[in-house]
Amino acid sequence: MRNGPVRIWAVWLLVAATAALCFPLVPDDTVPAKLYVNTVGLSSVVAMAVGIRRNRPEHWRAWALFATGVAVFISGDITYDVTELRLGEYPYPYWADACYLCAYPLLFAALSKLGRGNGGRDWGGLIDAAVISTGIGLIYWVFVVGPTLDDTAAPLLERLVTIGYPLSDVLLTTATARMLTRPENRTVSLRLMGVGAILMLTGDLFYTTLSATAEYTGGFVDSGFLMAYACWGAAMLHPSMRLRPDTVLHTDRIGWARLTVLGAFTLIAPALLFYQGFTGPSAISWGSLGIGAVVLFLLVVLRMWGLVQQVRMQAGRLGDLAMRDALTGLANRRAFEERLTAAVAAGTPSVLLLDLDGFKAVNDRFGHAVGDELLAAVAERIGAELPADAMAARMGGDEFAVLLPVPCPDRCEDLAVRLRAAIHRPIHAGGQDLLVGASIGIADGGDRVEILRRADVAMYAAKADGGRHRHYAGDLDDRAGEEARMGAELRTALNSGEFHLVYQPIVELPYGNVVAVESLVRWWRPDRGYVGPDVFIPVAERTGLIVELGEWILRTACLQYAQWWREGVAPHRFGVNVSARQLAEPGFPGLVAAVLAETGVHPARLVVEVTETAVFGGGAAVRAVQELTELGVEIALDDFGTGHSSLGLLQTLPVRVLKVDKSFVENVTMAGRHAVIATSLIQVANGLGLVAVAEGVETAEQAAELYRLGYRRAQGYHFGRPVMAHAIPAEASAG
């Protein structure tokens, strides 16, 4: 059904436009020329009627009113031609002028209705239309209206009719400019209507000004009128005229095209002054040009004032958005930290840090949409319990914070009890009654960073106690245990950039050339030195910070590989270790895809290393591995042989690489079961078409024996320790 109307309007536009452009070839002011013009005009009215009947627009009265106006206008053409043929000349004014002047109000009313849209009032567009109309009106006044008013010898009716034409054109210009400056009126139909109106108004401008100087001969000017008829017929035949534009009013933007048009019309007053000054200095219309210039100036000032107000309003909105969490409507971390800094400067504020207990299980089971709904409900309950002078914020994820500017232990205690009670009530989200809890840490004293650190420590202590609220005390770090303290320190370290990556080569046997690297995270504390991964990784896993840390590791490793690739020193692949907690995150495969796209790294270059324990339980972790494989990422099973059911996993997981645990490698040169297991594992890998990497190779003898057994990939201190990124090209060249 849609292709039919599209072909009709396109064919009509092509045929009618061709006829309009060919009109100058017809001898001027002859009977064939008059028949030619009126045939095109009447056929355009027929096209409009067909379009209204065929498309059945919901605002058909406005379209019908416009078609009626065009029909009245063309009846004026016919009356003019018949009168001229019958009398030999056209008496002025006569009945054709009545038709023309009656048509303009109909066209104005129709264009006003069509261009109104369903949005709000656009004052900027109205001012732009006023600028254009004032410029056109000034031209008419100088060349037509002024001289007509000064010609007192002409009959009054003749002068009124003469003035009526330019005034009607100015009115029509206002409606056309208003329609074209409204952002939602960018349908094909309304654009064709606007183009047709511009062609008609341009033709009227030439006709009126040239007729006043007795230089008008038709030709291309009449061709412009016919092009207007062609555009209007096509506008009503096009299917887009069916519905009134119904969009929210767009932000008022002044692009280069609109700015050029407004600038040109603003310069009409000085342009006319120069023109009259060169052609007839004694006849300069000082009063008209002066008034016109003042009006245009005031309109431009009003427009600029409106833009300034709009920019202020938008700046206020952007500032508010920058300080507000989009999901919950609470303040975000940035706003909270700024308010906390001000509160510390003014006194000793208290901070309550809340972390939801059980939120991750809800998010994993019911999905992010339900999780977001739950967070919004929790934020609403927190807001309902706040004192008048307090501030609540969402710090990220399922963590919230409350700031009390005035310290009061009893007040904090009471608020913490009320917040926990409010959050513990069932929350209806996603059609379910969900239960979550909250662990709350309370702290005061120190600067902004120290208060948040203390609140973090207290919150983790509360979580370790089974989910309650705890006040920070001087000895809480010791009593809460190393894990609570390290959990807070890990977050601070992540925010302050204390982590970095090192890379350990994976080589090809027997020559030792580097074919891949494994990315490993290291934590350097300025006050204590290095903290081992075996110390902080388990804490990050249990506290959930491994998700944020893992994302940082992935992005940093991808950025580094992209740099190696640009420098032409990149190994074939690079590996990133992924924890069980990360795999369980519903959006993890999407995160990997986004980071790869952001950094420009091809998915086939990335190897995601997972442990057997991480995927043993199946479920979300196995689905994540499968989605990563579909993305093109290779999967390596790390520490292979030490898990629950290694061979069974090979049947269910799309694994490409087996990393044989170092416990089977360290004694491979000795006779016995270790050598047998290492031999069996390489046979399994070869039989399944997998790549086996021997981990923990520390001696040349181990490397030689592994090569004899069939291993072609190895990793360990014998080939290279983990090094900083800049050393990897040297490792590769040395290999």
Side-chain angles (χ1 to χ4, degrees), residues 44-45 48-49 51-52 55-74 76 99-137 140 164-205 225 228-229 231-236 238 240-250 252 258 261-262 265 295 299 302-303 306:
S44 71
V45 175
M48 294 177 200
I52 294 173
N55 292 319
R56 300 183 182 278
E58 62 178 23
H59 49 309
W60 64 270
R61 289 182 178 84
W63 293 98
L65 185 63
F66 188 88
T68 302
V70 175
V72 173
F73 197 91
I74 293 170
C99 293
Y100 291 140
L101 293 176
C102 288
Y104 280 106
L106 299 176
L107 298 177
F108 170 78
L111 287 177
S112 298
K113 290 179 178 294
L114 291 173
R116 185 178 303 159
N118 288 339
R121 188 177 296 276
D122 176 18
W123 291 107
L126 289 173
I127 297 173
D128 293 344
V131 169
I132 295 172
S133 301
T134 302
I136 294 293
Y140 277 127
Y165 280 110
L167 293 180
S168 298
D169 278 335
V170 171
L171 200 65
L172 199 59
T173 299
T174 304
T176 304
R178 184 66 198 92
M179 181 176 70
L180 293 178
T181 55
R182 199 173 182 92
E184 65 263 40
N185 291 339
R186 290 174 183 168
T187 64
V188 176
S189 290
L190 291 182
R191 288 192 175 190
L192 286 170
M193 292 289 287
V195 171
I198 291 173
L199 289 170
M200 179 182 177
L201 291 168
T202 304
D204 273 354
L205 184 62
F225 286 119
Y229 297 155
C231 290
W232 290 336
M236 296 197 193
H238 196 277
S240 63
M241 61 95 71
R242 293 171 181 166
L243 299 176
R244 180 189 296 274
D246 187 18
T247 58
V248 177
L249 190 62
H250 292 220
D252 185 25
R258 184 183 289 201
V261 171
L262 293 177
F265 278 94
V295 171
L299 287 172
L302 187 61
R303 188 68 166 100

Colleague: Evaluate the side-chain proximity of Y229 to M200: yes if any heavy-atom separation is below 4.5 Å, no if none is.
Modeller: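 Side-chain contact under 4.5 Å: no.
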Colleague: If the condition is side chain to side chain contact (heavy atoms under 4.5 Å, CB included), which residues does A67 pass it with, not counting sequence neighbours?
Modeller: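 Expected list: M48, I52, M236.
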Colleague: Using a 3.5 Å cut-off and no angle test, enumerate the donor-acceptor pairs between side-chain atoms of residues 99-110 and protein atoms at least two apart in sequence or in another chain.
Modeller:
{"residue": "Y100", "atom": "OH", "partner": "G76", "partner atom": "O", "Å": "3.3"}
{"residue": "Y100", "atom": "OH", "partner": "D77", "partner atom": "N", "Å": "3.2"}
{"residue": "Y100", "atom": "OH", "partner": "D77", "partner atom": "OD1", "Å": "2.6"}
{"residue": "Y104", "atom": "OH", "partner": "D169", "partner atom": "OD1", "Å": "3.4"}
{"residue": "Y104", "atom": "OH", "partner": "D204", "partner atom": "OD2", "Å": "2.4"}

Colleague: Just jot down the side chain to side chain donor-acceptor pair (under 3.5 Å) partners of S168, sequence neighbours excluded, or say none.
Modeller: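 S168 satisfies side chain to side chain donor-acceptor pair (under 3.5 Å) with no other residue.
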Colleague: Atom OG1 in T174, atom CG in L171: separation rounded to 0.5 Å?
Modeller: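 So the OG1 of T174 and the CG of L171 are separated by 6.0 Å.
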Colleague: Are the side chains of F265 and T134 in contact, using a 4.5 Å heavy-atom criterion?
Modeller: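 T134 vs F265: side chains apart.
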Colleague: Output all residues satisfying side chain to side chain contact (heavy atoms under 4.5 Å, CB included) with I198, sequence neighbours left out; order by chain, then residue number.
Modeller: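 Per chain and number, I198 pairs via side chain to side chain contact (heavy atoms under 4.5 Å, CB included) with T176, L180, T202.
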Colleague: Are any of the side-chain heavy atoms of W63 and M193 separated by less than 4.5 Å?
Modeller: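 Yes, side chains in contact.
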Colleague: Of all residues at least two apart in sequence or in a different chain, which pass the ring pair (Phe, Tyr, Trp, His ring centres under 6.0 Å) check with F66?
Modeller: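 F66: ring pair (Phe, Tyr, Trp, His ring centres under 6.0 Å) contacts with W232.
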Colleague: In Å, rounded to the nearest 0.5 Å, how long is the span from CD1 of I132 to CG of L201?
Modeller: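 The CD1 atom of I132 sits 11.0 Å away from the CG atom of L201.
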Colleague: Considering non-hydrogen atoms only, spot the tightest contact between C231 and L199 and give its length.
Modeller: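 Minimum heavy-atom contact is SG-CD1, 4.2 Å.
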Colleague: Please report the closest heavy-atom contact between G196 and A228, naming both atoms and the distance.
Modeller: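 It is O-CB, 3.2 Å.
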Colleague: Which heavy atom in M241 sits nearest to a heavy atom in H59, and how many Å separate them?
Modeller: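 Answer, listing the atom of M241 first, then H59: O-CE1, 3.6 Å.
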Colleague: Who are the side chain to side chain donor-acceptor pair (under 3.5 Å) partners of S189, not counting sequence neighbours?
Modeller: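 Partners of S189 by the side chain to side chain donor-acceptor pair (under 3.5 Å) criterion, ordered by chain and then number, come out as S240.
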Colleague: Ignoring hydrogens, what is the shortest heavy-atom contact between I74 and S44? Give both atom names and the distance.
Modeller: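 Heavy-atom minimum between the residues: CD1-OG, 3.9 Å.
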